[in-house]
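In what follows, every heavy atom counts, from backbone to side chain, and hydrogens, waters and symmetry copies are set aside.
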Amino acid sequence: MSEDQTVAYCMRTPIAGQEPTSFGYRHPLTDEAKRFNVVSEEIESLPEAPAHQLHAVYSLVIKAFGLTVKDYERMAAERGLTKQQMLLRGYTSSTQAGKQGVSYETNEDGEIISIKTIWEDLFEANGLARDAWKGVPGFYEKYGAPIFETKPGVLIPCRNGYGQIVGMQVRVHDKDRTISVEVMEGCEKYRVVCHKEDLGIAYTVYGRSGDINKALRSGYCPEGEVVEIVDLGLVFKAKMGAKYIHLSSRNRVNGTKATPKVHFAFSDEILSQARFDKDGKGLTNLVELVDKKAVVITEGLLKGDIIASYNKDRKAFYQMEPGLILSVPGVSVWKKATNVAVGCHFESAFVAYDQDYVTNNYVKDYAKNMLLGLKKGKVEPYFMKWNVGKGLDDFILSDNANKSVRFVNCKNIK
């Protein structure tokens, strides 16, 4: 079933004119079917594979899928990275997942009894075991074959200190992000269906009696803001799902759940020096090549890459040039980033969380914990503030002539 519980997938029952996805034919659910709660047992995940195996498998995923022209153009326009930088960092389009070449074997009744994908042959051709996918988040088993599954979008690699790809984050295409709708008044009479369009979130109101498929009202609504349709007595709001999600195959047969990791976002110059053997083992500790005077800690893999790629040219830090950007997948993972900064013996660390920390007490608390941890570890802590853009990447990419950044020394924090 889809995350928004509007579509069910079935391998056995085809729909005329529809090509099956890697996990079956798409069957839109009726309103009655949506009201049933499906309770499924938790499927135990496989242990995560070692770093060299993760890197070898994910490298082949990148090679097999590639980055579409549309994704490249969108990323270049929105995030300012060049094609060379995207290729260096290993960005690839999960919209290309159809390239895994699923073929089906059926019995006399037309029921699927087995499937085949490209992965086992591809692994073997590149010197890996045919079951190298086991323990790699994103892969799971279906009808005896490995399947790679993710939401449509751009895959952003998470790298360790050797430059190995040890995880993936998906930058989900806007049109494929789930939308949750909260009906605060009128839910007994109406249902609201939303989807993403170029102009914003489009909504359609249907009745719960009479012709339930007849649209009563439609329009566009701002994300997260309350919409009131007075004559219907209807009040609701819609919210977009996460833009960035971890690549995971948790609760799938022989799947593997994602574990949060710190992303080492090296400069283009340093990352280009990463070398690996045929098994994916890192041959160069890239951390040893960076200047240990300063490290920047921020939230978000893509954000870290942008800062690392453009800091030198855009002079975001003016006189201070950080040797490394550490990106946490979420502000709550502050301790792992703190341990890396302390363990790598950086002299100072600059915490660069999004500027909405002002209204978010959780972010404030996590930032304080990180600053205290850095201080305890003998790394001089700073907090960064800027006046243009939400994230530090927005600040760097901005051409605002009046933009400025402040470095708040937190050595006396308690």
Side-chain angles (χ1 to χ4, degrees), residues 1-30 33-34 36 38 40-46 49 53 56-68 71 92-153 155 168 170 172-173 175-176 178 245 247-258:
M1 183 182 292
S2 63
E3 289 187 16
D4 59 1
Q5 297 189 342
T6 60
V7 173
Y9 294 90
C10 178
M11 280 286 193
R12 297 188 176 188
T13 309
I15 294 180
Q18 184 187 116
E19 287 293 322
T21 67
S22 59
F23 41 100
Y25 294 92
R26 299 175 75 256
H27 292 264
L29 293 177
T30 64
K34 294 176 191 176
F36 286 94
V38 179
S40 58
E41 292 185 12
E42 180 79 14
I43 299 176
E44 186 176 355
S45 291
L46 294 177
Q53 185 177 333
V57 171
Y58 282 139
S59 295
L60 288 177
V61 170
I62 293 169
K63 183 178 179 180
F65 290 172
L67 190 67
T68 65
D71 278 340
T92 191
S93 298
S94 58
T95 47
Q96 302 288 78
K99 284 188 174 182
Q100 61 190 304
V102 183
S103 58
Y104 303 87
E105 181 184 354
T106 59
N107 60 18
E108 294 178 353
D109 298 323
E111 298 176 328
I112 295 172
I113 56 176
S114 68
I115 63 176
K116 182 175 177 57
T117 62
I118 66 168
W119 299 115
E120 291 171 309
D121 291 345
L122 184 61
F123 296 150
E124 189 173 59
N126 285 272
L128 302 179
R130 291 182 68 82
D131 65 350
W133 58 272
K134 290 185 176 179
V136 179
F139 280 91
Y140 67 96
E141 185 176 343
K142 192 151 196 169
Y143 292 103
I147 291 286
F148 181 80
E149 183 181 314
T150 178
K151 276 185 170 292
L155 293 174
M168 288 274 200
V170 189
V172 185
H173 291 154
K175 66 181 181 63
D176 295 297
T178 57
I245 60 174
L247 181 59
S248 176
S249 45
R250 175 180 173 272
N251 212 26
R252 298 281 192 176
V253 176
N254 282 329
T256 306
K257 66 180 180 181

Asker: Are any side-chain N or O atoms of Thr92 and backbone N or O atoms of Gly66, one a donor and one an acceptor, separated by less than 3.5 Å?
Answerer: yes
Asker: Taking Ser94 for the side chain and Lys151 for the main chain, is one N or O donor matched with an acceptor at less than 3.5 Å?
Answerer: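 Indeed, once roles are kept as given, a pair shorter than 3.5 Å links the two residues.
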Asker: Glu141 vs Asp131, test: side-chain contact (heavy atoms from CB on, under 4.5 Å). Steps then yes/no.
Answerer: CA-CA 10 Å; Glu141 185 176 343; Asp131 65 350; over 6 Å; no
Asker: Test His173 against Asp71 for side-chain contact (heavy atoms from CB on, under 4.5 Å), laying out the working first.
Answerer: CA-CA 9 Å; His173 291 154; Asp71 278 340; 2.7 Å; yes
Asker: Roughly how far, to the nearest 0.5 Å, is the CG atom of Leu128 from the CD atom of Gln53?
Answerer: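 One finds 8.0 Å between CD of Gln53 and CG of Leu128.
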Asker: With side chain to side chain donor-acceptor pair (under 3.5 Å) as the test, would you mind laying out the steps for Glu105 and Ser114 before giving the verdict?
Answerer: CA-CA 5 Å; Glu105 181 184 354; Ser114 68; 2.8 Å; yes
Asker: What distance separates Asn107 CG from Ile113 CD1, expressed to the nearest 0.5 Å?
Answerer: 5.5 Å
Asker: Applying side chain to side chain contact (heavy atoms under 4.5 Å, CB included), name anything that partners Glu124, two or more places apart in sequence or on another chain.
Answerer: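 With sequence neighbours excluded, Glu124 shows a side chain to side chain contact (heavy atoms under 4.5 Å, CB included) to Arg130, given in chain and number order.
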Asker: Work out which heavy atom in Asn251 is nearest to a heavy atom in Ser45; give both atom names and the distance.
Answerer: N-OG, 4.2 Å
Asker: Report yes if some heavy atom in the side chain of Pro137 is under 4.5 Å from a heavy atom in the side chain of Tyr58; otherwise report no.
Answerer: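 Side-chain contact under 4.5 Å: yes.
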Asker: If you compare all heavy atoms of Val170 against all heavy atoms of Gly153, which two are closest, and at what distance to 0.1 Å?
Answerer: CG1-CA, 4.4 Å
Asker: Looking at Ile115 and Tyr104, what are the two nearest heavy atoms and their distance?
Answerer: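 The pair with the smallest heavy-atom distance is CG2-CD2, 3.3 Å.
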Asker: So, Ser93 side chain and Leu67 main chain: donor-acceptor pair closer than 3.5 Å or not?
Answerer: no
Asker: Who are the side chain to side chain contact (heavy atoms under 4.5 Å, CB included) partners of Leu122, not counting sequence neighbours?
Answerer: Leu60, Ala64, Ile118, Trp119, Asn126
Asker: Say you draw a straight line from OG1 of Thr117 to NZ of Lys99; how long is it, rounded to the nearest 0.5 Å?
Answerer: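 One finds 15.5 Å between OG1 of Thr117 and NZ of Lys99.
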Asker: Apply side-chain contact (heavy atoms from CB on, under 4.5 Å) to residues Val102 and Ile147 and explain how you reach the verdict.
Answerer: CA-CA 9 Å; Val102 183; Ile147 291 286; 4.2 Å; yes
Asker: If we check side-chain contact (heavy atoms from CB on, under 4.5 Å) with Phe139, which of these qualifies: Asn254, Val61, Leu46?
Answerer: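 Of all the options given, the one that passes is Val61.
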Asker: Which heavy atom of Val136 sits nearest a heavy atom of Thr256, and at what distance?
Answerer: N-OG1, 3.6 Å
Asker: Assess the residue pair Leu155 and Ile62 against the criterion (side-chain contact (heavy atoms from CB on, under 4.5 Å)); give the C-alpha distance rounded to whole Å, side-chain angles, the decisive distance to 0.1 Å, and a yes or no.
Answerer: CA-CA 9 Å; Leu155 293 174; Ile62 293 169; over 6 Å; no
Asker: If I compare all heavy atoms of Trp133 with all of Tyr140, which pair ends up nearest, and what's the gap?
Answerer: CZ3-C, 3.7 Å
Asker: Where is the tightest heavy-atom contact between Gln100 and Pro146, given as atom of each residue plus distance?
Answerer: OE1-O, 4.5 Å
Asker: For Ala258, give me all partners under side chain to side chain contact (heavy atoms under 4.5 Å, CB included), at least two apart in sequence or on another chain.
Answerer: His246, Ser248
